[in-house]
Number of protein chains: 2
Amino acid sequence: MPWDIKPDRPIYTQLIEQIQLKICSGVYPPGSRLPSVRDLAQEASVNPNTMQRALAKLEEDGLLYTNRTSGRFVTEDTDMIKQVRKRLAEKHVQDFLKKMTELGFDYNEIISIISAMIKTEEMKHE
Amino acid sequence: MPWDIKPDRPIYTQLIEQIQLKICSGVYPPGSRLPSVRDLAQEASVNPNTMQRALAKLEEDGLLYTNRTSGRFVTEDTDMIKQVRKRLAEKHVQDFLKKMTELGFDYNEIISIISAMIKTEEMKHE
DNA sequence: ATTATTGTATTAAGGTCTTAATACAATAAT
DNA sequence: ATTATTGTATTAAGACCTTAATACAATAAT
């Protein structure tokens, strides 16, 4: 999963989301050490200040903690991580349903369209 | 459908999306006249310049056209509007599937979660 | 002990977005 | 003919984001 920064929203916001995702999906396991601010910044091709800003927010949320000079680590609280994962998923579903109903699709149509697209996706990977 | 502007993305981008939505969902029917730039700006509580910027983009895309001093109108090309609606819907589905698979959900789980949430939504409105 | 690495803080510069305040030209309305 | 309304253009100011270039303190590594 490479870093994917688009120009349409603040970079630090996207960094927060993507690090959050790496934690929820297990790329950064509970208790593991993250690369240094400078290394992460280089990985993502952003300024260290910008990466620092994103990390500070995640720390504020409790997903990360800092050991002054040995580095930054993912929380060991696996329940919290599961909770975040669930919250993100539900938010994605709700946002998606809102967008589709605004476009005038009813629930049956939505299920139908998504099923069709899933089948198309599955065909690609066989 | 009131205007809904959030501070996390450029306003003009959100205006483009919301006017597009009003066109696709029939709030602004094909061939109908839009309120003036100044009126729209006041409706949405934004600066006329910002609204102008959004309208210019939609005109560039062909969804709107201008009659110099009588106002701005929605295209009469209903096929184009349907096409845009379809394109937006497919984009929403793809983005949604991407986000959910990134979080580690497989297709069966996705269908299951969305079905559950739809049932919950339906209960609210009965 | 010395060095390197860690997170953190500061200052300055440039870019984009937004608002505000106007102004102009074309034409619909009167 | 005159007036009002339309889209459009311009300029200036301020806010936020990002980068760059440093610097500092704490401590792990040597």
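All chains are named by letter (A, B, ...) in the order of the sequence lines, taking the proteins before the strands, and each is independently numbered beginning at 1.
- Closest contact between the side chain of A/Thr66 and the listed nucleotides C/dG7, D/dT10, D/dA20 involves C/dG7.
- Distance CG (A/Asn49) to C1' (C/dT11): 11 Å, rounded to an integer number of Å.
- OP1 or OP2 of C/dT19 sits under 4.0 Å from a side-chain N or O of B/Thr50.
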Checklist entry - What's the verdict on side-chain contact (heavy atoms from CB on, under 4.5 Å) for B/Gln18 and B/Ile5, showing C-alpha distance, side-chain angles and the deciding distance? => result CA-CA 9 Å; B/Gln18 290 180 33; B/Ile5 304 297; 4.1 Å; yes
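- For the pair A/Asn47 CG and C/dG14 C1', the computed distance is 13 Å after rounding to whole Å.
- As a member of the Ile/Leu/Val/Met/Phe/Trp/Tyr network built from side-chain separations under 4.5 Å, B/Met123 groups with nothing else and remains a singleton.
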Please output the side-chain donor-acceptor pairs of residues 31-41 of chain A that fall under 3.5 Å, not counting sequence neighbours, one pair per line with the distance.
from, atom 1, to, atom 2, distance (Å)
A/Ser32, OG, A/Pro29, O, 2.6
A/Arg33, NE, A/Ser70, O, 2.9
A/Ser36, OG, A/Asp39, N, 3.1

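- The shortest distance between side-chain heavy atoms of B/Lys57 and B/Asp61 falls below 4.5 Å.
- Among residues at least two apart or in separate chains, side-chain hydrogen bond (donor to acceptor under 3.5 Å, both in side chains) pairs with a member in residues 40-50 of chain A are A/Trp3-A/Glu43, A/Asn47-A/Asn49.
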List the atom pairs, donor and acceptor, that lie under 3.5 Å between side-chain atoms in residues 88-98 of chain A and the rest of the protein, sequence neighbours left out.
from, atom 1, to, atom 2, distance (Å)
A/Lys91, NZ, A/Asp95, OD1, 3.2
A/Lys91, NZ, A/Asp95, OD2, 2.9
A/Lys98, NZ, A/Glu102, OE2, 3.1

Only pairs under 3.5 Å count here: list side-chain donor-acceptor contacts from residues 71-78 of chain B, not counting sequence neighbours, and write none if there are none.
from, atom 1, to, atom 2, distance (Å)
B/Arg72, NE, B/Glu59, OE1, 3.1
B/Arg72, NE, B/Thr66, OG1, 3.4
B/Thr75, OG1, B/Asp77, N, 3.1
B/Glu76, OE2, B/Tyr65, OH, 3.0
B/Asp77, OD1, B/Asp79, N, 3.2
B/Asp77, OD1, B/Met80, N, 2.9

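- To the nearest 0.5 Å, the span separating CG on B/Leu64 from CG on B/Leu58 amounts to 5.0 Å.
- D/dC17 atom C1' lies 17 Å from atom CZ of B/Arg9, rounded to whole Å.
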Donor-acceptor list for residues 103-113 of chain B side chains, cut-off 3.5 Å, not counting sequence neighbours:
from, atom 1, to, atom 2, distance (Å)
B/Asp106, OD1, B/Asn108, N, 3.1
B/Asp106, OD1, B/Glu109, N, 2.8
B/Glu109, OE1, B/Asp106, N, 3.0

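- Atom CG of A/Asp8 is separated from atom P of C/dT16 by 15 Å (rounded to the nearest Å).
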Produce the list of close N/O pairs, under 3.5 Å, pairing protein atoms with atoms of nucleotides 1-6 of chain C; give distances to one decimal.
from, atom 1, to, atom 2, distance (Å)
C/dT6, O4', A/Thr69, O, 3.1

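- If you take CE of B/Met51 and P of D/dT8, they are 14 Å apart, rounded to a whole angstrom.
- For the segment residues 15-22 of chain B, the set of residues with a heavy atom within less than 4.0 Å of an atom of DNA chain D is empty.
- Residues from residues 52-64 of chain B placing a heavy atom under 4.0 Å of any atom in DNA chain D, listed by number, are B/Gln52.
- With hydrogens and angles disregarded, a donor-acceptor distance shorter than 3.5 Å links the side chain of A/Gln14 to the backbone of A/Lys6.
- Partners of B/Lys119 according to the salt bridge (charged side-chain N to carboxylate O under 4.0 Å, His left out) rule, which considers only residues two or more places apart in sequence or in another chain, do not exist here.
- Shown here are the salt bridge (charged side-chain N to carboxylate O under 4.0 Å, His left out) partners of A/Arg9, two or more places apart in sequence or in another chain: A/Glu17.
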Taking Watson-Crick and G-U wobble contacts under 3.5 angstrom, with | marking pairs to another strand and [ ] crossing pairs, the secondary structure of DNA chain C is written ||||||||||||||||||||||||||||||
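- Atoms CD1 and OG, on A/Ile114 and B/Ser115 in that order, are 9.0 Å from each other to the nearest 0.5 Å.
- Between the P atom of C/dT19 and the CD atom of B/Gln42 lies a distance of 13 Å, rounded to the nearest Å.
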